Amino acid sequence: MSSEQNTGSEVAGQVPMIELRHVEKHFGDLHVLRDINLKVGKGEVLVVIGPSGSGKSTMCRTINRLETIDSGEILIDGKPLPEEGRELAAARAELGMVFQSFNLFAHRTILDNVTMGPIEVQGVPRKEAEESAMALLERVGVAEQAAKVPAQLSGGQQQRVAIARSLAMHPKAMMFDEPTSALDPEMINEVLEVMVELARGGMTMVVVTHEMSFARRVANRVVFMADGTIMEEGSPDEFFDHPTTERARDFLDSIKGH
Amino acid sequence: MSAQTTSMRDALYEAPGPKTRRRILIGTVIAGILVCLLVFLVVRQFYVTGQLSPKYWSFFTRPTTWRFLWDGFLGTLKVAAVAGAISLVLGLVLMLCRTSHLKALNVPARIVIEFFRGVPSLLLVYFFFLVVPQYGIKMSSFWMITLPVGLAASGVLAEVFRAGVNAVPKGQVEAAMSLGMRPSKITFKIVLPQAIRFVIPSLISQFVVVVKDTTVAYVVSYPDLLQNARVLISNYDALVSTYFVIAVIYIIVNYLINRAAVTVSRRTGVKIIK
């Protein structure tokens, strides 16, 4: 998928996969999300960048309600995100989430981690779930670790398993909350490769990251956040080469520095 | 618990230098001399008052004495095991209620936990021994000791379980939620299995408290180790020697339980939460 391709949200008459309308959130006195409006089209890859404390992770987490919002609306595939109960759980099951700290179930094997969702949530028979889990583990390159527990794997391997765990649910869209920030430098690429592969396969993705090379390669759109607002958005080339706001220029300078 | 204390000492203090090492040596020698002196004085006092005379000790060479103590020991084990099982189940249930979002569950659970944790087990024993029978409920002496000991421990275990639940990283729950798992599934499939693994060593060492609590069995005349020892004392008029022997037995039993806790904690790589 090239960056020149139409972003889903721009295709006439198509419902965006994820839409945030006037989303506001406070943590006590701190105004973490200020009037966030955002559309992510089907098959679109959106990269969110910004300094720490800008609200980018919080925004990412509101999409499957790991963070609640004070006001505004969140729509998934045109339907409002339920606020609780069975409906919320069902909506979450359709959205994949990959965390900075992997969060693999520490007491279960790698294979169990990937089959847990399909078996416990979707009622898939164990044998079937294990077969597709092995195929997914194969795809992310950790099939030979299936019988181990998470602590025995490297960070990069754990994150790839976490991606496989999300994929096992056949999600409509996936959120990545700083997926490579906790990794040793030499393991970042193996995770990014899996994500590039996913993006090429047409997965709708919201990726909070500082990996500019990744953004340039696969993002359809880049959103820059600071102080809880979306300051700027555009194609990766536009944004990285000609940022329009002072904040974005400062931020890009600071991360280009190394 | 030597492994734990060593690591704790390493964590708290820096490695001693040459001067400190000398000071530690001097302190150790002086303390050693004082302890030896104290032991000598105690033994001498026993000797002077005739406590070491064979009449107080010879009955320990008779098999019947040991068989009698063995029966008491089995009684202690039976009470401790059943009370332990009650406290495990009840502690888990109390913790689940205590951490529930429903006020109707967590407020009563909190009160019950604080009550059992706060009331001395002896008082609970009196309740089952003196109050309950007045309402026409007949209980064997076994239950009159086992129930209160189990209830008292359940309050503590509820808090131990809760510490274990709190030790499960929040990310585990978030990952489960993001997969679409419902709260009860998250509790039973993700949180509890990890929480219980965290607290197994603490549960085992808590069992020491249960074993010690069983000694109030004399109140209801249940033949546990201590009660049988009291019978020996009144038969042979041998207070010091008998108490000495059963103290050693209790120490050995509880030491073994603690060793088990340390072994399990080392094998699972889990710290003992207290």
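Note: hydrogens, waters and symmetry copies are ignored here, and every other heavy atom, side chains too, is used. The chains referred to below are lettered A, B, ... by the order of the sequence lines, with proteins before strands, and numbering in each begins at 1. This one's a predicted model, so the numbers in the text were calculated from it and none came from an experiment.
- Remark: A/Phe214 engages no residue in a ring-ring contact (aromatic ring centres under 6.0 Å, His included) (not counting sequence neighbours).
- Between A/Arg92 atom CZ and B/Leu179 atom CG the span is 11.0 Å, to the nearest 0.5 Å.
- Residues passing the ring-ring contact (aromatic ring centres under 6.0 Å, His included) test with B/Phe73 are B/Trp70, sequence neighbours excluded.
- With respect to chain A, the highest number of heavy-atom pairs below 4.5 Å among B/Arg182, B/Met181, B/Met177 belongs to B/Arg182.
- Within 6.0 Å of atom CZ in B/Phe115, 12 or fewer heavy atoms from other residues, nucleotides or ligands are found, so the atom counts as exposed in its surroundings.
- Ranking A/Leu95, A/Asn103, A/Leu66 against chain B, the residue ahead of the rest is A/Asn103, based on heavy-atom pairs under 4.5 Å.
- Interface residue A/Ala106: backbone and side-chain heavy atoms are both found under 4.5 Å from chain B.
- A pairwise comparison of heavy atoms in B/Ala175 and A/Phe99 identifies CA-CE1, 3.7 Å as the closest pair.
- Between the side chain of A/His107 and the backbone N or O of B/Lys189 there is at least one donor-acceptor pair closer than 3.5 Å.
- In this structure, A/Glu83 places its CD atom where only 12 or fewer heavy-atom neighbours from other residues, nucleotides or ligands lie under 6.0 Å away.
- Between chain A and the options B/Gln172, B/Lys185, B/Lys170, the largest number of non-hydrogen pairs under 4.5 Å is found for B/Gln172.
- For A/Phe105, the parts lying near chain B are the backbone and the side chain together; criterion is any non-hydrogen pair under 4.5 Å.
- For A/Leu88, no part sits under 4.5 Å from any heavy atom of chain B, backbone or side chain.
- When the shell of 6.0 Å around CD of A/Glu84 is examined, it contains 12 or fewer heavy atoms from other residues, nucleotides or ligands.
- Taking A/Ala93, A/Gly85, A/Ala91 one by one and counting their heavy-atom pairs under 4.5 Å with chain B, the maximum is reached by A/Ala93.
- For chain B, no part of A/Arg65 is nearby; none of its heavy atoms comes within less than 4.5 Å.
- With B/Ile190 as the fixed residue, the side-chain contact (heavy atoms from CB on, under 4.5 Å) test singles out one of A/Glu120, A/Met116, A/Arg108: A/Met116.
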